[in-house]
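These numbers come from a predicted model, not from an experiment.
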Amino acid sequence: MKQAEQWTSRLGFILAAAGSAIGLGAIWKFPYMVGTSGGGAFFLLFIIFTLAIGLPLLLGEFTIGRSTQKEAISAYKTIAPGSLWHWIGRLGVITCFLLLSFYSVVGGWILSYLLRGFTGQLQGPAYDKVFGDIIGDPVGAVVAQLVFMLITAWVVARGVQSGIESANKYMMPGLFLLFMVLMVRSLTLDGAMEGVSFFLSPDFSKLTAESVLYALGQSFFALSVGVSVMVTYSSYLAKNESLVRSAGSIVSLNLLVSLFAGLAIFPAVFSLGVEPTAGPGLLFIVLPSVFEQIAFGSIFLLIFLALFLFATLTSAFSMMEIIVASLAKGDETKRKRLAWVIGLLIFIVGVPSALSFGVWSEVTLFGKSIFDAMDFLVSNILMPLGALLIAIFVPLKMKRETLINELGAHTNLGKRMFIIWLLLIKYVAPIAILAVFLQMLGIW
């Protein structure tokens, strides 16, 4: 039986893990949450919470995966045999399956925008109509979603090294390069500094209790923790690599992309007098309108859409990988068949979400469209629940010696820093996650 592969290098692991973390959360959700939740004050809280909550949780998932060298479900079974704790891994697999079913719909929208951009069909100023046409066209939405899933399945079918790692080695540097180009252009616009001030100058009077909880939730969602993706990814990491340094690099890259996103978007938005509180439509409606008013704007819009696609795909790879790895259980001979079968199943389950803004717009679940209901289930229930269970599992079921060995290997992590990490994941993280959980469910 051909066993599971490993990353060829620490850099390959970091780029793949960063690619998983840097997706729609960083480029789509983060800017509009900043815009609607207090600007610089929200960004500062997001940084603090990422370091105090997201990073400890990320390290927790790393210790589970690397210590067992097994995919999500088997890793929990190894640490806590004969118990129900392996359901954390199963919950992660289910969550990623459902998440990718509607995430791929958004990926399809991006592909549709790119196609229209390359063929000269993205002409304003009625971008709201363009967006409405794309999401409301049943054939176009489903076909675009299928193409996105075919790309994802093809990369995952090629394996950890030849597929996921290889793709991320090109896509992640490409993403940063495109961001740099976009950011420089945005910062050179007249009035750009007003946008920079909004993004980087904290005004705590604009913060509300709700925006604090949003920043808290974004801090661990933005790192892909809570769904055991990082358990699976870290299981491919060699024992001679430092988990602490790797986690630090991933968190740094994630915060850097968040900074780039703000500096690329808000200066342009303020320069052209557009409200930064545009919500989810910021990227599909507002920003194309902004680019249209800039010299060579159509080129910069294509750059932004390509960047957006790269980030969406690298996250999709990780979601499919946890499912494939959990079913293959280390037997790489099953990978190709599983990747294509799972990709097809995810596509089928995602079709109702793709149709929920068109021919099935009247169909609702609990008062929400199918797409929004799936998003609510995953983002507001399954992901926080998974993060909470992992925060409880690590200090409760993992041996202290194992944690020290994994986190202390090939690094200068001292006893004091280990204690701080343990306190954060054992006490602070569960309370914070529970607060976000209750707020998302409307209980608090």
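Here Asn254 contributes atom CG and Phe46 contributes atom CZ; the two are 5.5 Å apart, rounded to the nearest 0.5 Å. Distance check: Met383 CE to Cys96 SG gives 8.0 Å after rounding to the nearest 0.5 Å. How far CG of Leu424 is from CG of Leu55: 9.0 Å, rounded to the nearest 0.5 Å. Expressed to the nearest 0.5 Å, how far OG of Ser318 lies from CE of Met230 amounts to 6.5 Å. For the atom pair Ile322 CD1 and Ser235 OG, the distance stands at 10.0 Å (nearest 0.5 Å). For the atom pair CE (Met193) and OG (Ser201), the distance works out to 11.0 Å, reported to the nearest 0.5 Å.
The side chain to side chain contact (heavy atoms under 4.5 Å, CB included) test with Ile64 is passed by exactly one of Ile88, Thr78, Val231: Val231. Between Phe43 and the options Phe49, Phe266, Phe30, a ring pair (Phe, Tyr, Trp, His ring centres under 6.0 Å) holds for only Phe30. Remark: of the listed residues Leu99, Ile94, Leu100, Leu99 is the sole one forming a side chain to side chain contact (heavy atoms under 4.5 Å, CB included) with Val378.
Residues Arg400 and Leu422 are in side-chain contact: their nearest non-hydrogen atoms beyond the backbone lie under 4.5 Å apart. Looking at heavy atoms from C-beta onward, Leu58 lies in side-chain contact with Val251 at the 4.5 angstrom threshold. Using a 4.5 Å heavy-atom threshold, the side chains of Phe176 and Phe260 count as touching. Proximity of Leu403 to Phe418: side-chain heavy atoms (C-beta onward) are separated by under 4.5 Å at one or more points. Side-chain atoms of Ile433 and Leu57, non-hydrogen and from C-beta on, do get closer than 4.5 Å to each other. Within the 4.5 Å cutoff, the side chain of Ile299 has heavy atoms near those of the Phe296 side chain. At least one side-chain heavy atom of Ile303 sits under 4.5 Å from a side-chain heavy atom of Phe300. With a 4.5 Å cut-off on side-chain heavy atoms, Ile381 and Phe376 count as touching.
Thr314 places a side-chain N or O within 3.5 Å of a backbone atom of Gly19 that can act as its donor or acceptor partner. With Ser104 contributing its side chain and Ser101 its backbone, the two residues share a donor-acceptor pair below 3.5 Å. Side-chain N or O atoms of Arg90 include none that pairs as donor or acceptor with a backbone N or O of Ile73 at under 3.5 Å. Using a distance-only test at 3.5 Å, with no hydrogens or angles considered, no donor-acceptor pair links the side chain of Ser162 to the main chain of Gly159. Ser356 contributes a side-chain N or O that, together with a main-chain N or O of Ser353, makes up a donor-acceptor pair within less than 3.5 Å. Here the side chain of Trp7 pairs a donor or acceptor atom with the backbone of Tyr233 at under 3.5 angstrom. Side-chain N or O atoms of Gln69 include none that pairs as donor or acceptor with a backbone N or O of Tyr236 at under 3.5 Å. Of the possible polar contacts, none joining the Asp375 side chain to the Phe371 backbone as a donor-acceptor pair under 3.5 Å is found. The main-chain N or O of Lys70 is never found under 3.5 Å from a side-chain atom of Ser74 such that the two would form a donor-acceptor pair. Under the 3.5 Å distance criterion, the side-chain polar atoms of Arg66 are matched with a main-chain donor or acceptor of Glu241.
For Lys334, the NZ atom counts as loosely surrounded, since its 6.0 Å shell holds 12 or fewer non-hydrogen atoms of other residues, nucleotides or ligands.
In summary, the side chains of Thr8 and Glu165 do present a donor paired with an acceptor at a separation below 3.5 Å, with no hydrogens or angles considered. A donor-acceptor contact under 3.5 angstrom links the side chains of Ser224 and Ser20, judged on distance only. Residues Arg185 and Thr188 bring a donor and an acceptor atom of their side chains to less than 3.5 Å of each other. Under the 3.5 Å distance criterion, with hydrogens and angles disregarded, no donor-acceptor pair is assigned to the side chains of Gln145 and Tyr103.
Annotation: Trp109 is in aromatic contact with Phe131 [ring centroid separation under 6.0 Å]. Ring pair Phe148/Phe347: centre-to-centre distance not below 6.0 Å. Two rings, from Phe13 and Phe62, have their centers less than 6.0 Å apart. Checked against the 6.0 Å centroid threshold, Trp85 and Tyr76 do not count as a close aromatic pair.
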- Please assess Glu321 against Val160 for the test side chain to side chain contact (heavy atoms under 4.5 Å, CB included), listing each intermediate value before the final yes or no. CA-CA 9 Å; Glu321 176 61 21; Val160 172; 4.0 Å; yes
- Task: Dump the intermediate steps for side chain to side chain contact (heavy atoms under 4.5 Å, CB included) on Leu111 and Leu115, then the final yes or no.
- Result: CA-CA 6 Å; Leu111 285 171; Leu115 179 62; over 6 Å; no
- Message: Set out, in order, the CA-CA distance, both residues' side-chain angles and the distance that settles side chain to side chain contact (heavy atoms under 4.5 Å, CB included) for Phe102 and Leu98, then state yes or no.
- Response: CA-CA 7 Å; Phe102 68 86; Leu98 295 176; 5.5 Å; no
- Query: Run the side chain to side chain contact (heavy atoms under 4.5 Å, CB included) check on Trp154 and Lys336 step by step: do they pass?
  - Reply: CA-CA 8 Å; Trp154 179 73; Lys336 285 186 179 180; over 6 Å; no
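Taking a cutoff of 4.0 Å between a charged side-chain nitrogen and a carboxylate oxygen, Lys77 and Glu71 do not qualify as a salt bridge. Ion pair Glu406/Lys239 flagged as a salt bridge, since at least one NZ, NE, NH1 or NH2 atom sits closer than 4.0 Å to an Asp/Glu carboxylate oxygen.
Contact record, Leu407 with Val244: O-CG2, 3.2 Å, taken as the closest heavy-atom pair. Minimum heavy-atom separation, Gly163 to Arg158: CA-CB, 3.6 Å. The two residues Met172 and Leu15 make their nearest non-hydrogen contact at CG-O, 3.5 Å. Of all heavy-atom pairs spanning Pro267 and Ser186, the tightest one is CB-OG, 3.4 Å. Of all the heavy atoms in Asn168 and Pro173, the pair that sits closest is O-CD, 3.5 Å. When every heavy atom of Ser219 is checked against every heavy atom of Thr50, the shortest pair comes out as CB-N, 3.5 Å.
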